[in-house]
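Below you'll find the structure, written out as structure tokens, and then a few comments.
What you see is a predicted model, and the numbers here were worked out from it, not measured in a lab. Each chain gets a letter, A, B and so on, in the order the sequences are listed, and its residues count up from 1. All values below were derived from every heavy atom in this structure, side-chain atoms included, with hydrogens, water molecules and symmetry-related copies excluded.
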Number of protein chains: 2
Amino acid sequence: MALRHAVLAALLDGELSGYQLAKAFDVGVANFWYAQPQQLYAELTRLEQQGLVAGREVVQESRPTKRLFHVTDAGLAELEAFTAASAKPAFVRDDLMVKVQAADSVDTATLIDQLTERAEIARARIELFEALLRRLRGDRGEEDFLRHGHRIGPYLTCLRGVAFEQENRDWCLRTVAVLEERRHTRARN
Amino acid sequence: MALRHAVLAALLDGELSGYQLAKAFDVGVANFWYAQPQQLYAELTRLEQQGLVAGREVVQESRPTKRLFHVTDAGLAELEAFTAASAKPAFVRDDLMVKVQAADSVDTATLIDQLTERAEIARARIELFEALLRRLRGDRGEEDFLRHGHRIGPYLTCLRGVAFEQENRDWCLRTVAVLEERRHTRARN
DNA sequence: CCATGATAGTCATCTTTCTGACTACTCACA
DNA sequence: TGTGAGTAGTCAGAAAGATGACTATCATGG
């Protein structure tokens, strides 16, 4: 039950509707959690029943009525308790890594294609995250922001997101290079 | 259904019993997949029923009888098909990141403790992975091994594991430094 | 002689996550 | 005039993953 905490943490940034939350999970939150909109709506319902978030209806003209949620005091207490509890080490689960693990037995060309595609995705995400970082720190320098800004949580996780994706991209490109060289070497024999 | 493919990929390294597989998932495979022993036994049973792996009993004296599994041709074909199918982008799911996202609202000291602990875990894993890399490449240099060695799959994924954990450790330490400086700054005001 | 830890594995069940298929309204564009 | 894209949300059920409680044997150390 950790999606609930990810939702709570995401809602700290201000009131959000389920729909907006889904958008958030596509960018900033994507650094450390991934979820479909349906899951988020379901989670919000549960959290509201338990009094950890509270929602209010906002009638809009020219758009459907939405419900904006915010974290309650009970929700904050829950987050606090969650933080105090020991976390199990992060784990990566990556289909692409499974494929590379089997690299010696499967088709190299397919693998190279997928690695290249992944490197491109990583590149795009780096740009996205860096734009988010610039937005979060405003006109301040990074050091200054981290020292004196408020709400540095999202900034810190985003920093990790950038580093992760850079590493991801570098590794993909390096792996492609290795596989390609081996392909050529073998072709010559 | 991706654990199945992780198991198949892990079994490419040679015949393994469920128990040995569980060990493998604690080290090399941990780079890209995590699973409990019970899940692995269950998965092996399913894979055997579907003819993707085959097992043989090995009676041992001084130890319980075990079953060693290897990937069948059908299993290889399955891996090939899996590789050809598009992979969904990797995602990280990390409790600790959720806590950092909420850093502005939760207890800083707890967070610092957990980040420090995580950095230490990362350090230990880096050592573990580097030892594995040395073992895999034997007395060859990395470049030479990657060019001419066989079974480079596990080596490549392990490289990523090292990079991931290094980045992990660096980020944890950097985050600790930031949080600590803020704590002191605030104490002064 | 007893406890502990490593080897080897099973069973049943519970949670959590993921997916597909829906409804409904508005706006812009062709 | 209707078609697609964006906003906003719901429901039911399938799939995947995690957990707790077990059984056995042998070796080692105290």
Side-chain angles (χ1 to χ4, degrees), chain A residues 1-7 15-26 29-30 32-50 53 55-69 82 85-95 98, chain B residues 1-8 15-27 29-30 32-50 53 55-69 82 85-95 98:
Chain A
M1 239 185 318
L3 172 58
R4 57 190 283 112
H5 299 112
V7 168
E15 280 188 324
L16 291 177
S17 67
Y19 189 80
Q20 290 171 314
L21 191 59
K23 296 285 172 196
F25 268 73
D26 264 354
V29 183
F32 56 90
W33 214 269
Y34 160 86
Q36 295 294 130
Q38 295 101 308
Q39 295 173 256
L40 300 176
Y41 283 116
E43 204 57 57
L44 281 172
T45 305
R46 266 191 295 270
L47 285 169
E48 194 182 23
Q49 272 163 13
Q50 292 164 26
V53 305
R56 62 186 182 92
E57 283 217 336
V58 176
V59 180
Q60 305 172 103
E61 39 183 292
S62 96
R63 239 169 258 183
T65 297
K66 65 182 172 182
R67 304 198 61 213
L68 292 181
F69 293 92
F82 170 70
S86 78
K88 43 183 131 182
F91 55 87
V92 185
R93 273 190 177 155
D94 191 346
D95 281 0
V98 174
Chain B
M1 241 184 322
L3 172 57
R4 58 191 284 114
H5 298 113
V7 169
L8 286 173
E15 277 188 325
L16 292 177
S17 67
Y19 190 80
Q20 291 170 314
L21 191 60
K23 297 282 175 203
F25 268 73
D26 264 354
V27 279
V29 182
F32 56 90
W33 214 268
Y34 160 86
Q36 296 293 131
Q38 295 102 309
Q39 294 172 258
L40 299 175
Y41 284 116
E43 203 59 55
L44 282 172
T45 306
R46 265 192 296 270
L47 285 169
E48 194 182 24
Q49 273 164 11
Q50 292 163 27
V53 305
R56 62 187 183 92
E57 283 218 336
V58 175
V59 180
Q60 307 172 101
E61 39 183 291
S62 95
R63 237 167 262 185
T65 298
K66 64 182 172 184
R67 303 197 61 211
L68 292 181
F69 293 92
F82 170 71
S86 79
K88 44 182 133 184
F91 55 87
V92 185
R93 272 190 178 157
D94 191 345
D95 280 2
V98 174

Pair B/L8-B/F69, side chain to side chain contact (heavy atoms under 4.5 Å, CB included): steps then yes or no: CA-CA 10 Å; B/L8 286 173; B/F69 293 92; over 6 Å; no
Would you mind telling me which residue lines up with the more 5' stretch of DNA chain C, A/A2 or A/E61, judged by nearest nucleotide? A/A2
Name the residue closer to the 5' end of DNA chain C, choosing between B/T45 and B/K23 according to the nucleotide with the nearest heavy atom. B/K23
List for me each residue that meets side-chain hydrogen bond (donor to acceptor under 3.5 Å, both in side chains) alongside [X], sequence neighbours excluded, and say none if there are none.
| X | answer |
| --- | --- |
| A/Q20 | A/S17 |
| A/Y34 | A/Q36 |
| A/R63 | none |
| B/R93 | none |

Do B/F25 and B/V7 pass the side chain to side chain contact (heavy atoms under 4.5 Å, CB included) test, and can you show the C-alpha distance, the side-chain angles, and the key distance before you say yes or no? CA-CA 9 Å; B/F25 268 73; B/V7 169; 4.1 Å; yes
Within the structure shown, what part of the strands sits under 4.0 Å from [X] by heavy-atom distance: base, sugar-phosphate, or nothing?
| X | value |
| --- | --- |
| A/T65 | sugar-phosphate |
| A/R93 | sugar-phosphate |
| A/Q38 | base |

Please walk me through it: do A/L40 and A/L3 pass side chain to side chain contact (heavy atoms under 4.5 Å, CB included)? CA-CA 8 Å; A/L40 300 176; A/L3 172 58; 4.1 Å; yes
First and last nt of DNA chain C near chain B, cut-off under 4.0 Å to heavy atoms, 5' to 3', are C/dA6 to C/dT19
Quick one: closest heavy-atom pair of B/A2 and A/D95, and the distance? CB-OD1, 3.7 Å
Using the heavy-atom set of chain B and a strict 4.0 Å cut-off, write down the first and last nucleotide of DNA chain D that makes it in, 5' to 3'. D/dA16 to D/dA27
